[in-house]
2 protein chains.
Amino acid sequence: MDNNKLNFIEESGLFFEKLGLTRMAGRAMGFLMICDRDAVSFDDIQQALGASKGSISGTMKMLLHSGLVDAVSLPGDRKTYYRISRKRVGEMLRSRMKLFEAFSELLLKGNSLKEKTDETTEWLDETARFYSWIQTEIGELIDKWEEKNQR
Amino acid sequence: MDNNKLNFIEESGLFFEKLGLTRMAGRAMGFLMICDRDAVSFDDIQQALGASKGSISGTMKMLLHSGLVDAVSLPGDRKTYYRISRKRVGEMLRSRMKLFEAFSELLLKGNSLKEKTDETTEWLDETARFYSWIQTEIGELIDKWEEKNQR
DNA sequence: CATTTGGTTCAATAAATATTGAACCAAATG
DNA sequence: CATTTGGTTCAATATTTATTGAACCAAATG
């Protein structure tokens with residue numbers, strides 16, 4: 001494969017690793033992005049990434065589970081093909097928003113354990129309100145985008 | 001220490017671990033949140049978390065570097081004290097927005113490597129525009145919050 | 001019903017990361 | 001200027017996580 005493409009795949013690996021996926025999953029995403037094939041088989045991916053079957057099997061399962069990738073099957077073909085999920089663009093971010101709500105809750109729980117009222121109390125409270133608020137607002141932004149970019 | 005507090009500290013450890021910090025750094029954040037002391041010394045933290053000096057040293061350095069924690073010094077006292085950063089609430093999120101811009105750029109780079117125009121091309125383009133757009137919008141939301149919650 | 005295909009599973013291993021603990025250092029104190 | 005304090009540094013170790021590869025399995029094919 002073209003060297004630029006190989007570099008891109010590695011770059012993608014490192015990027016998704018920063019988001020908490022494995023490097024291999026990030027590579028697979030990178031490959032799916034640029035491979036110029038509509039549906040990519042297990043074998044194609046294994047070849048392209050030069051990894052073991054076991055590793056690809058685990059990787060694709062986690063990408064499917066996380067919703068980043070869809071499986072596609074074709075009639076008269078036992079292989080499973082993979083492609084980047086075609087669900088609405090904001091879905092990925094929407095699911096990340098759950099973390100914000102969880103953060104907000106953690107902060108409130110922290111506050112409830114405090115025995116003194118001080119500047120930290122205030123910080124905990126404001127930060128909790130901030131994350132809870134902005135998570136809702138971001139949800140609305142996502143809706144707005146999706147309405148405008150209707151399928 | 002109270003058992004609820006110890007549990008909270010562990011919970012905080014796990015939460016921040018999900019965000020990509022170390023568990024120990026998350027524990028330190030948890031402790032700083034609920035310790036009911038304005039300034040907490042290295043030694044206090046080490047005691048509370050039952051870890052080695054080396055581990056606490058590295059942990060506090062990374063929390064300082066990431067901007068989550070501030071160092072405080074007191075006149076006539078050589079110790080360094082630590083507390084949760086008092087910078088504006090949205091700063092933490094604002095810095096995360098750089099990831100969105102980076103994601104957008106990764107997607108565009110991917111697109112530039114494609115040789116065919118297909119549904120993936122479209123996805124890459126729309127998703128890149130989405131993340132770039134929403135990152136700006138979120139920046140504005142943060143501004144709005146900070147204006148309303150003026151210090 | 002034997003063989004091939006398209007994987008999955010899992011124990012072993014490799015690689016990456018976090019933690020310890022001892023040695024060390026600079027600044028403050030006696 | 002010797003000692004104490006408040007750490008830092010770093011090699012060794014422990015822990016966690018990812019990857020391999022061989023054994024395995026079910027469904028499709030011959």
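Judged as a ring-ring contact (aromatic ring centres under 6.0 Å, His included), and not counting sequence neighbours, Y82(A) has no contacts. When the ring-ring contact (aromatic ring centres under 6.0 Å, His included) test is applied to Y131(A), the partners found at least two apart in sequence or on another chain are F100(A), F103(A). Partners of T120(B) by side chain to side chain donor-acceptor pair (under 3.5 Å), not counting sequence neighbours: none found. Annotation: side chain to side chain donor-acceptor pair (under 3.5 Å) contacts of D125(A) (sequence neighbours excluded): R129(A). Remark: D118(A) pairs with K114(A), T121(A) by the side chain to side chain donor-acceptor pair (under 3.5 Å) rule, at least two apart or across chains. For E119(A), the side chain to side chain donor-acceptor pair (under 3.5 Å) partners are R86(B), not counting sequence neighbours.
In terms of hydrophobic clustering, with Ile, Leu, Val, Met, Phe, Trp and Tyr side chains grouped at heavy-atom distances under 4.5 Å, I84(B) and L108(A) are assigned to different clusters.
Residues from residues 34-47 of chain A that place a heavy atom under 4.0 Å from any atom of DNA chain C, listed by number: F42(A).
The side-chain hydrogen bond (donor to acceptor under 3.5 Å, both in side chains) pairs that include a residue from residues 8-17 of chain A are E10(A)-R27(A), E11(A)-K109(B), E17(A)-R23(A), where partners are two or more places apart or lie in different chains. Sorted pairs that involve residues 50-77 of chain B and meet salt bridge (charged side-chain N to carboxylate O under 4.0 Å, His left out), not counting sequence neighbours, are lacking altogether.
For L74(A) and dG6(C), the CG to P distance is 12 Å, given to the nearest whole Å. Taking atom CG of residue L14(B) and atom C1' of nucleotide dT16(D), one finds them 14 Å apart after rounding to whole Å. Distance CE (M62(A)) to P (dT9(C)): 16 Å, rounded to an integer number of Å. Atom NZ in K61(A) sits about 14 Å away from atom C1' in dG6(C), given to the nearest Å.
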All N/O donor-acceptor pairs, side-chain side in residues 90-99 of chain B, below 3.5 Å, sequence neighbours left out:
from: E91(B); atom 1: OE1; to: R94(B); atom 2: NH1; distance (Å): 3.0
from: R94(B); atom 1: NH1; to: E146(B); atom 2: OE1; distance (Å): 3.3
from: R94(B); atom 1: NH2; to: D143(B); atom 2: OD1; distance (Å): 2.7
from: R94(B); atom 1: NH2; to: E146(B); atom 2: OE1; distance (Å): 3.2
from: S95(B); atom 1: OG; to: M92(B); atom 2: O; distance (Å): 3.0
from: R96(B); atom 1: NH2; to: L19(B); atom 2: O; distance (Å): 3.0

(request) Mark up nucleotides 17-29 of chain C, 5' to 3', with B wherever a protein heavy atom is under 4.0 angstrom from a base atom, S wherever such an atom reaches only the sugar-phosphate, and - elsewhere. (result) -SSBB-----BS-
(message) Expected output check: what is the dot-bracket annotation of DNA chain C, where ( ) and [ ] are pairs inside the strand (brackets for crossing ones), | is paired with another strand, and pairs are Watson-Crick or G-U under 3.5 Å?
(response) ||||||||||||||||||||||||||||||
